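Everything on this sheet refers to the single structure shown next.
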Amino acid sequence: MIPLVYSEEVAQARADGTPVVALESTIITHGMPYPQNVQTARAVEETVRANGATPATMAVRRGEICVGLNDDELERLGQIENVAKLSRADFAACVATGSTGATTVAATMIAARLAGIEVFATGGIGGVHRGAELSFDISADLAELAQTPVTVVAAGAKAILDLPKTLEVLETYGVPVIVYQQNEFPAFWSRSSGLPAPIRMDSAADIARAHIMRADLGLPGGQLIANPIPAESEIAASKLAPAIEHAIANANDQGIAAKDVTPFLLQRIYELTNGQSLTANIALVKNNAKLASEIACEVAARRAPTPLKAPYPL
Ligand code: PSU
Ligand code: MN
């Protein structure tokens, strides 16, 4: 038996057949400081509701896979320290031993598939780290996108990563990388990366159609939707470059490795930019939640033909 536990509002949405958008929890526990992490998580959930879908923040709590967290649970998750960061490799072990953990993009996709949720919003995905030719540090998020049928909306990938290599690996794995409404792959805090969009789409309806066609064709895996940060919130890549270099040098000096790398770099960049990186991060996550909700509505409309409402035409 799979120990899935639904929040009240997600259970209701499922009963009603209305769209649900998955949200991850590692961004709360390892991606942002308290209390902004909890405030952001709540604001993102509100954005999903305001755009016609129901939010399902995923986590594992004492061996239960939570599909949706209530307000108290979000608050507690945001406050606890040293909570595990779960990816594909440690997800089953955490559930089996009755432990607690926050879900990364990879683990959230796994939980979403189990719960029948097809669309997921986050900030940025994990990818190929700089120097991966020596460290072999490539996020399990990429392999997950290759095999789990969930459409993930992110603001591209962070410039802490090697973006050209990240796109190469996604292409090798056959993951569609669809950039929303521009011709350039976005770089998280900035709208431009200098890299061309592998695919461009301009509407949530087109993205939903591609998601459904992929399943119909029997192609495994999901889609990565790269949604540029709103122009008024972006930070120029050149402005962030020194902080990124500095953070990566610190990580190397301190021998930070494996799953500690991404949280360490995010925290260092937050400190080095005096919190500016966080303001942009919050804006882009909300922006992604809006697009994901629109896509989820379009997918739902195509999956279940709307029954005729009374009075029926004669
Ligand atoms: N990138 C961000 N913010 C984040 C993460 C990545 O801009 O919070 C988190 C996500 O949960 C992502 C994970 O799935 O880090 C990737 O970690 P790793 O590189 O160890 O796979
Ligand atoms: Mn890694």
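Remember, it's 1-based here, ligands and their atoms both numbered in the order they're listed. Computed from a prediction, not measured in an experiment: that's the story for all the values here.
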Atoms of ligand 1 under 4.0 Å from any heavy atom of Asp141, numbered from 1 in the order shown, are 12 (C), 14 (O), 16 (C)

- Item | Test item: side-chain donor near acceptor, Gln36 and Thr40, under 3.5 Å | no

Note to self: Between Ile295 and Val299, does the side-chain contact (heavy atoms from CB on, under 4.5 Å) criterion hold? Intermediate values first, please.
What the structure shows: CA-CA 6 Å; Ile295 297 166; Val299 170; 4.2 Å; yes

Under a 4.0 Å N-O cut-off, is there an ion pair linking Arg268 with Glu271? yes

Would you call Glu46 and Arg49 a salt bridge, using N to O less than 4.0 angstrom?
yes

Taking only non-hydrogen atoms of Phe188 and a 4.0 Å limit, the atoms of ligand 1 in range are 7 (O)

- Test item: side-chain donor near acceptor, Asn250 and Gln254, under 3.5 Å: no

for atom 1 (N) of ligand 1, nearest protein heavy atom and its distance come out as Gly124 O, 3.2 Å

Counting only protein N, O or S atoms and ignoring waters, those under 2.8 Å from the Mn ion (ligand 2) are Asp137 OD1

Quick look: Leu266 vs ligand 1, heavy-atom contacts under 4.0 Å, and the answer is side chain

Contact region, His30 to ligand 1, non-hydrogen atoms below 4.0 Å, reads neither

CG (Leu77) and OG1 (Thr26) are apart, to the nearest 0.5 Å, by 9.0 Å

The protein heavy atom nearest to atom 15 (O) of ligand 1 is Thr262 CG2, 3.6 Å

Salt-bridged, Glu64 to Arg61, with N to O below 4.0 Å? yes

among protein heavy atoms, the one nearest atom 20 (O) of ligand 1 is Lys85 NZ, 2.7 Å

One finds that the ligand 1 atoms under 4.0 Å from a non-hydrogen atom of Ile27 are 8 (O)

Exercise for the section: Examine ligand 1 and decide if any of its atoms is less than 4.0 Å from a heavy atom belonging to His129. Expected result: yes

* Flag Ser139 as yes when one of its N or O atoms lies below 3.5 Å from any N or O atom of ligand 1, and as no otherwise. => yes

Which pairs would a plain distance check flag for residues 108-116, meaning a side-chain donor or acceptor within less than 3.5 Å of a matching protein atom at least two apart in sequence or in another chain?
from: Thr108; atom 1: OG1; to: Thr103; atom 2: O; distance (Å): 3.4
from: Thr108; atom 1: OG1; to: Thr103; atom 2: OG1; distance (Å): 2.8
from: Thr108; atom 1: OG1; to: Thr104; atom 2: O; distance (Å): 2.7

Under 3.5 Å between any N/O of Glu24 and any N/O of ligand 1: does that happen in this structure?
yes

Inspect the contact between Arg209 and Glu298 and indicate whether a charged nitrogen and a carboxylate oxygen are less than 4.0 angstrom apart.
no

Atom 2 (C) of ligand 1: closest protein heavy atom, distance to 0.1 Å, is Lys158 NZ, 3.0 Å

### Message
With nothing but distance in play, are any N or O atoms of Val105 less than 3.5 Å from an N or O of ligand 1?
### Response
yes

To the nearest 0.5 Å, atom CD of Glu144 lies from atom OG of Ser87 at 7.0 Å

The closest protein heavy-atom partner of atom 9 (C) of ligand 1 is Thr26 CG2, 4.2 Å

*Can you check side-chain contact (heavy atoms from CB on, under 4.5 Å) on Thr54 and Val48, steps first, answer last?*
CA-CA 6 Å; Thr54 300; Val48 172; 5.7 Å; no

When rounded to the nearest 0.5 Å, the distance separating OG1 of Thr148 from CD of Glu118 is 13.0 Å

When Thr166, Asp162, Leu167 are each screened for side chain to side chain contact (heavy atoms under 4.5 Å, CB included) with Pro164, the one that passes is Asp162

